[in-house]
Amino acid sequence: MNDSLYLAWNYLKYHWRKTCLLVLAISLVIFIPFALNYFTSKGSERMRIRAGSTPLLIGSEGSATDLCLSSLYFRKPDLPALPYSKVLELEKEGLAHPIPMNLEYRVKEQPIVGTSNDYFTMRNTEFALGRPMAIIGECVLGAEAADKLKVNIGDAVISSPAGAFDVAGSFPLKMTVTGILKPTNTADDEAVFTDLKTTWVISGKAHGHDDLATSGSDSLLLSKNDSVAIASKAVLSYTEITPANINSFHFHGNPDDYPVSAIIALPLDKKSELMLRGRFETEDRSAQVIVPSEVMERLLETVVSVKEIITLAAISIGLATLVITLMVFALSVRLRKKEIKTLKDIGAAPGRIKSVLSLEVLLVFTLSFGLTAVYLLLINNFGLRLLENFIQ
Amino acid sequence: MKTLIKWLAFSLLLVGSCKSEKKSDPTSIVSGEKPVVYVSNYPIYFFASEIAGENIELRFPAAELSDPSVWNPVADTIAQMQSADLILVNGASFESWLMNVSLPQQAVVNTSQEFSERLLSGGKTFTHSHGDEGEHQHEGTAFTTWLNLELAAKQAESVKEALTRLHPEKKSVFEENYRKLAGDLMQLHKEFQHTVAGKNDKTMVFSHPVYQYLEDAYGIQGKSLHWEPDTPLDHDMLHEIGHLQKDHRIEYVIWEGEPLAENVEKLKKMGIQSVVITPMGGAADQTNFMEGMRKNLEALKEVYGIRE
């Protein structure tokens, strides 16, 4: 047996290129269905946990999936914004505690989440450094966001224009970093959290500038009387909120109409949840309330169906590869006729020759399984990070 | 001996590390068994302390200011307020800083919310828009709501309800204290009404436009200026009051605080008396809200020539 193994191993070693190619091909064929299953299972689990920890989401009428994914993973929603009055209504109604979210803006590639500090409590997020935002113009960064933006406590980040053609539409606001969150391996790690009102400052709905009541500059004013001034576009808004200018920040129009992308609603109890859902389904047609776990489950059912098809395809390809591999071995036996004859001539029994050839196949498959195990180990250690990037 | 020293050093290190850990946790709940309640002005502070007494830990961060409506909280103060169990605010535009801070909405109670339809205009204010089509900045309301003692009693009721929601096991104590406080406030309210009723023949000016609720509740009429009690009256100011005296026969200037003696003298020469009616928004020196308002009542009685 040892002699056969010796011969088989040395044959594979001598033809190492062919052996490597075979081992790589077979290991990948075995690995792909496993990897698919791993990614979909872990991904589904992550998405289920994220959705499950968000009791209710309220947004404008439209795609429930869009509302769910944009709110949970901080993507700019395609749905129209809700007025802030909806948040006030929910507070007054007392069935659920509302946490507003404005997801319109970004700092480079990192999404800005305009919300309240209650968001951190809801997600059980812990601070690695610093404290939550206290005044407008302050922000808290997720662990990955702080890393990518290369900032620390006390540093500043600047909001980016909403789009390439939106140079004047939104406001490049310099925000001071007051806190950095511990890593959570969720979309929170990538976000720049700030107060909802700060996002209204970015949008230009709230801003600060020189006092127009005392301004005598004609270039700044279109008209002025004792009680009203009409400012020209020459009036520049402050791009940073400081203790010296914070009191000049003010709101134009009615803040009740200001935009909110979505509202996370935390119902007081099951009865409150049902009452709230009932009210939105029967009375308030301008908005929709969704249960993220239900929406996510429907979405994952589709993903699982796709996964099953892909797995089936992978298994079919695997079987085909296996047949081709066996053919390669069969052909190689024919090509090795002289070698086999030499073995016979020097006294090798037919059984011994069969044993050598079988051990070659066995060794190739063993090496392939070993390599697959290495792949799976790598996936287990680094796959989740890869998966997070993929989901985001 | 060496072992003992090592143990002591280790214990000190352990205590030190525990202390620094506590300090570095910004989101920790305010320690202590009593609920922590923040207030933004003195009337609310007084109502909360009268109703809850020692059952709460009451904090009034703007206590140092004579006029807390101009208070600008720093970020560290707001960070402390975020851990509070309850934040009682006056509302009615008193806390202009409220729009610039991040506080837990469920902890903030606006004590004037219940009578929002009775809020008065802050008077002539300056607003602006950006461009002809731009939306205007919102005008504020007058905020010294407590100067109408009926509204003050309603604010006290809001304080009582918020405290009861926070500390339901002390409901009976809060109810009893509130009843006594509301009784005192309404008694004083009637005395104010009785003092001025049918005697609005006196003409006066107010050093600042902060008496709207006093004027509205008790039928007092007068113009408002923007004078500070500790600023000497200059030529323009005397000219202005001269005009008012000529047009409206002004007899009294109502000051927010004790005016400079030279101001009193200058006005006296013009035949105008100086009277102090404290708005009571800030912490009162050596007195409390009820005593302060009673002093204000006495000042009004002087104006209307009522002697007990």
Side-chain angles (χ1 to χ4, degrees), chain A residues 87-88 91 97-100 115-118 120-121 125-127 129-138 176 178-179 194-198 204-207 209 211-214 221-233 235 237 241 243 246-247 249-255 257, chain B residues 21 23-29 38 61 69-84 87 93 95-110 113-114 116 121-140 161 165 226:
Chain A
V87 179
L88 300 176
E91 259 169 20
H97 174 59
I99 301 174
T115 184
S116 67
N117 287 322
D118 294 335
F120 305 128
T121 315
T125 325
E126 289 179 22
F127 279 73
L129 287 168
R131 57 162 175 80
M133 51 266 183
I135 56 175
I136 55 169
E138 291 185 341
T176 309
T178 61
T194 188
D195 192 274
L196 178 68
K197 289 177 286 234
T198 305
K205 291 192 174 298
H207 62 187
H209 50 68
D211 187 5
L212 296 175
T214 54
L221 299 170
L222 295 174
S223 68
K224 183 182 175 183
N225 59 34
D226 285 349
S227 59
V228 179
I230 298 176
S232 74
K233 287 180 179 173
V235 174
S237 299
I241 301 168
I246 191 167
N247 288 329
F249 276 78
H250 54 271
F251 293 80
H252 283 261
N254 186 357
D257 299 331
Chain B
E21 188 147 323
K23 201 176 175 183
S24 68
D25 183 4
T27 52
S28 67
I29 301 296
Y38 274 82
S69 70
V70 296
W71 182 53
N72 289 316
V74 293
D76 287 344
T77 309
I78 296 297
Q80 287 167 16
M81 289 172 79
Q82 286 171 344
S83 319
I87 302 162
S93 311
E95 296 85 5
S96 55
W97 49 268
L98 210 51
M99 282 304 274
N100 295 336
V101 300
S102 304
L103 288 175
Q105 282 305 304
Q106 69 276 18
V108 179
V109 172
N110 178 353
Q113 184 68 45
E114 288 303 310
S116 55
S121 163
K124 199 174 185 180
T125 52
F126 189 84
T127 68
H128 71 272
S129 65
H130 293 266
D132 288 330
E133 302 298 319
E135 286 181 296
H136 277 266
Q137 183 190 4
H138 256 226
E139 292 178 30
E161 281 169 5
R165 279 196 298 276
H226 283 90

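Source: prediction; values computed, not measured. Scope of the values below: all heavy atoms of this structure, side chains included, with no hydrogens, waters or symmetry mates.
- Looking at residues two or more places apart in sequence or on another chain, you find no side-chain hydrogen bond (donor to acceptor under 3.5 Å, both in side chains) involving A:Thr115.
- At least one side-chain heavy atom of B:Asp76 sits under 4.5 Å from a side-chain heavy atom of A:Arg131.
- Of all non-hydrogen atoms in A:Met133 and B:Gln82, the two that sit nearest each other are O-NE2, 2.7 Å.
- At least one side-chain heavy atom of B:Met99 sits under 4.5 Å from a side-chain heavy atom of A:Pro255.
- Here the closest non-hydrogen pair linking A:Ile246 and B:Asn100 is O-ND2, 3.3 Å.
- Using a 4.5 Å heavy-atom cutoff, the side chains of A:Asn117 and B:Pro104 are not in contact.
- Within the 4.5 Å cutoff, the side chain of B:Gln105 has no heavy atoms near those of the A:Val87 side chain.
- In terms of heavy-atom proximity, B:Val101 sits nearest to A:Lys197 at O-NZ, 2.7 Å.
- When all heavy atoms of B:Ala75 and A:Glu138 are compared, the pair lying nearest together is CB-OE2, 3.5 Å.
- For A:Glu126, no part lies near chain B; criterion is any non-hydrogen pair under 4.5 Å.
- Atom CD of B:Glu114 sits in a sparse spot, with 12 or fewer heavy atoms from other residues, nucleotides or ligands closer than 6.0 Å.
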